[in-house]
Trainee: 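Would you mind keeping the following structure in view while I ask a few things?
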Amino acid sequence: MPNSISNDVLKDQLKKTFGFDQFRGEQEHIIQNTLAGNHSFVLMPTGAGKSLCYQLPAIVMEGTAIVISPLIALMKNQVDQMLAFGINAQFLNSSLTRVEINKVKTEILAGKVKLLYIAPESLNKQDNLSFLKQANISFVAIDEAHCISEWGHDFRPEYRKIKSIIEEVNPKLPIIALTATATPKVQQDIQKTLGLEDAKVFKSSFNRKNLYYEIRSKHEVDKQLIRYIKSHTGKAGIIYCLSRKKVEDVADLLLVNGINALPYHAGLDPQIRINNQEAFLNEEVDVMVATIAFGMGIDKPDVRFVIHYDAPKSLEGYYQETGRAGRDGLDGTCILFFDHDDIEKLDKFNKNKGVSEKENAKILLAEMEDFANLGICRRRQLLHYFGEYLGENCGFCDNCQHPTQSFKAEEEAVWVLKTIQETEGKFTIEHIADILDGTQNQFVESYGHDKLEYFGKGANPFWAKAETDEEDEDEDDEDEEELDDDFDDEEEEKPKTKKKKAKKLKSKKKEEENIIQVSPW
Ligand code: ADP
Ligand code: ZN
């Protein structure tokens, strides 16, 4: 039954419960839409204030609102927050004992609970479903709704069953789906899967104006990393790495260099994970070195930098992870250390996926790589990806502040095309690049490509003359070996081969050598 509640009553409740004087952006319209019994689809960036859009109507409506949430930690945070505000909120998940579950259910049936947080897995359980059919439910909120979409970055198959479950509980319930993800592809997928094609869409800009975006080459990445962190001592930051092993290595590296850092990944003992997260939230530690397992729903407003040690799997992921910087509205810096090799490694990890999944993953990676390589305003590119148009360059990204040198490459383009022609279009772009820059490798030689007219022609491009060219071959090698150790957070760690053990010893030794004494900038 639609509830009619005046704007004044809502504003009073906003002040009374949350202590806020004003609604932010579209919050009030969103709340009214739920109160009117309609479906809503809310797209707002992290930190915009999505939670209030379902918390407040839950408080003023009769009955209990169901909030479907993907993570136990996330539910617990929100429940604690609500309880601190004097609102009865509870959760149902695998962390509760049977006695605790019964207590929650009794309170709900007595009409005492305003918000019930539940994971899609628990929602699927038959006894929970039968219970919810008896309870007085006000509406259903689906937080982090992008988890429903294979085009998103946190896909969870159980999310796909939500629609049928809600229909079973009560097909008339208003639904509000919320996400900080905004690619049109993900949006369509969510709406379709939840049957929310007719929902009212509330979309705010995804422009995080206070975030500075910068891409750096991965050359001597450890030195760059330490130098950056040391020049921001005492500031909170997150370093994202692709593998658990890398997380451990980087955390160790930072520690031996006197940086207050802790690791976080799904392979750690749950208690250690919780302790490390708490230490970061409570400012006992400055830097969290983590896989993407860390971050969703973590409300730490003063993160000043987010560094990607490795490339993310999609621009979507990049946006989410960088979005954890500067939630307090003050400036945040987002640095991505990029290397084409990372894209190739990520691509290899998709090889066991199904055909269409593999294709999706490839497209996402290609978009990520384009973003890293293009010399135009990063913010414009990023917003364009989210279907938003930024009229002017932002002035607050690396490409705006340090425009890449542009030059006419007519002659160089001819060399490339001629080489492709001479090799009959049968070779990869990497091979063509090897020919042009005069790389004398086995492959090039075995085809006699070192005899070609343009072999080595691009070896000394004028734009690279200023660069020093000491590649740390050894370091690159190691990177290549270690990814498959534990790339997938949900997978069991594979036994280490002898070779890898030897490598580990070698890297241990290297770690000692790795103590980099750099003075802050
Ligand atoms: P999101 O879920 O969109 O990432 P949150 O719901 O966590 O964002 O809100 C981010 C912050 O903004 C929280 O600290 C919240 O208390 C605050 N906030 C939300 N709405 C308002 C408001 N109307 N006025 C002031 N602060 C608000
Ligand atoms: Zn810019």
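Values reported hereafter were calculated over all heavy atoms of this structure, with side chains retained and with hydrogens, waters and symmetry mates removed. Order of listing sets the numbers, starting from 1, for every ligand and every atom in it.
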Trainee: Please report which non-hydrogen protein atom sits nearest to atom 12 (O) of ligand 1, along with the residue it belongs to and the distance in Å to one decimal place.
Mentor: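 In this structure, atom 12 (O) of ligand 1 has Arg24 NH1, 3.1 Å as its nearest protein heavy atom.
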
Trainee: In terms of side-chain heavy atoms, does His146 have a donor or acceptor partner in Thr179 at a distance below 3.5 Å?
Mentor: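 Side-chain D/A pair, His146 to Thr179: present.
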
Trainee: With respect to atom 5 (P) of ligand 1, which of Ser51, Cys53, Gly25 exhibits the smallest heavy-atom separation?
Mentor: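 It is Ser51 whose heavy atom sits nearest to atom 5 (P) of ligand 1.
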
Trainee: What residue and atom, counting heavy atoms only, is the protein's closest point to atom 10 (C) of ligand 1, and at what distance?
Mentor: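 Looking only at protein heavy atoms, the one closest to atom 10 (C) of ligand 1 is Gly47 O, 3.5 Å.
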
Trainee: Which protein N, O or S atoms sit under 2.8 Å from the Zn ion (ligand 2)?
Mentor: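 Near the Zn ion (ligand 2), below 2.8 Å, one finds Cys377 SG, Cys394 SG, Cys397 SG, Cys400 SG.
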
Trainee: Distance to 0.1 Å, residue and atom name: give those for the protein heavy atom nearest to atom 7 (O) of ligand 1.
Mentor: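 Going atom by atom, the protein heavy atom closest to atom 7 (O) of ligand 1 ends up being Arg327 NH2, 3.5 Å.
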
Trainee: Are side-chain N/O atoms of Gln381 and His384 paired as donor and acceptor at under 3.5 Å?
Mentor: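 Absent: no donor and acceptor within the cut-off.
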
Trainee: Tell me which one of Lys246, Arg324, His308 satisfies side-chain hydrogen bond (donor to acceptor under 3.5 Å, both in side chains) with Tyr240.
Mentor: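 Running side-chain hydrogen bond (donor to acceptor under 3.5 Å, both in side chains) over Lys246, Arg324, His308 with Tyr240 returns exactly one hit, Arg324.
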
Trainee: So which heavy atom in the protein is nearest atom 9 (O) of ligand 1, and how far is it from that ligand atom?
Mentor: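 Heavy-atom neighbour on the protein nearest atom 9 (O) of ligand 1: Gly49 CA, 3.4 Å.
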
Trainee: Is it true that Met44 lies under 4.0 Å from ligand 1, counting heavy atoms only?
Mentor: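 No.
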
Trainee: So which heavy atom in the protein is nearest atom 20 (N) of ligand 1, and how far is it from that ligand atom?
Mentor: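 Atom 20 (N) of ligand 1 sits closest to the protein heavy atom Gln27 NE2, 2.9 Å.
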
Trainee: Under 4.0 Å between a Lys/Arg side-chain N and an Asp/Glu carboxylate O for Arg208 and Asp331?
Mentor: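 The answer is no: the pair does not qualify as a salt bridge.
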
Trainee: Answer yes or no: is there an ion pair linking Asp342 with Lys345, defined by an N-O contact shorter than 4.0 Å?
Mentor: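 Between Lys345 and Asp342 there is a salt bridge, with a charged N closer than 4.0 Å to a carboxylate O.
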
Trainee: Please determine whether a side-chain nitrogen of the Lys or Arg among Asp189 and Lys185 lies less than 4.0 Å from a carboxylate oxygen of the Asp or Glu.
Mentor: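 Salt bridge: no.
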
Trainee: Of Tyr54, Phe23, Phe20, which has the heavy atom at the shortest distance from atom 18 (N) of ligand 1?
Mentor: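 Minimum heavy-atom distance to atom 18 (N) of ligand 1 goes to Phe20.
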
Trainee: With a 4.0 Å cut-off, would you call Asp286 and Lys235 a salt bridge?
Mentor: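 So Asp286 does not pair with Lys235 through a salt bridge.
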
Trainee: List ligand 1 atoms under 4.0 Å from Gln22, heavy atoms only on the residue side.
Mentor: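 Counting atoms of ligand 1 from 1, those under 4.0 Å from Gln22 are 22 (C), 23 (N), 24 (N).
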
Trainee: Can you say whether the rings of Tyr117 and Tyr54 are parallel (under 30°), tilted (30 to 60°) or perpendicular (over 60°)?
Mentor: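 Ring orientation, 0 to 90° scale: perpendicular.
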
Trainee: Record the part of Pro45 in heavy-atom contact with ligand 1 below 4.0 Å; permitted values are side chain, backbone, both and neither.
Mentor: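 Near ligand 1, Pro45 shows its backbone, while the atoms from C-beta on stay back.
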
Trainee: May I ask you to decide if the ring planes of Phe371 and Tyr318 are parallel, tilted or perpendicular, using 30° and 60° as cut-offs?
Mentor: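 Phe371 and Tyr318: tilted rings.
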
Trainee: What protein heavy atom sits nearest atom 14 (O) of ligand 1, and how far off is it?
Mentor: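 Checked against all protein heavy atoms, atom 14 (O) of ligand 1 sits closest to Asp299 OD2, 3.8 Å.
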
Trainee: Under 3.5 Å, is there a donor-acceptor pair linking the side chains of Ser205 and Asn207?
Mentor: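 Judged by distance alone, the side chains do not pair up.
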
Trainee: Taking the six-membered ring for Trp, are the ring centroids of Phe305 and Tyr228 within less than 6.0 Å of each other?
Mentor: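 So the answer is yes for these two rings.
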
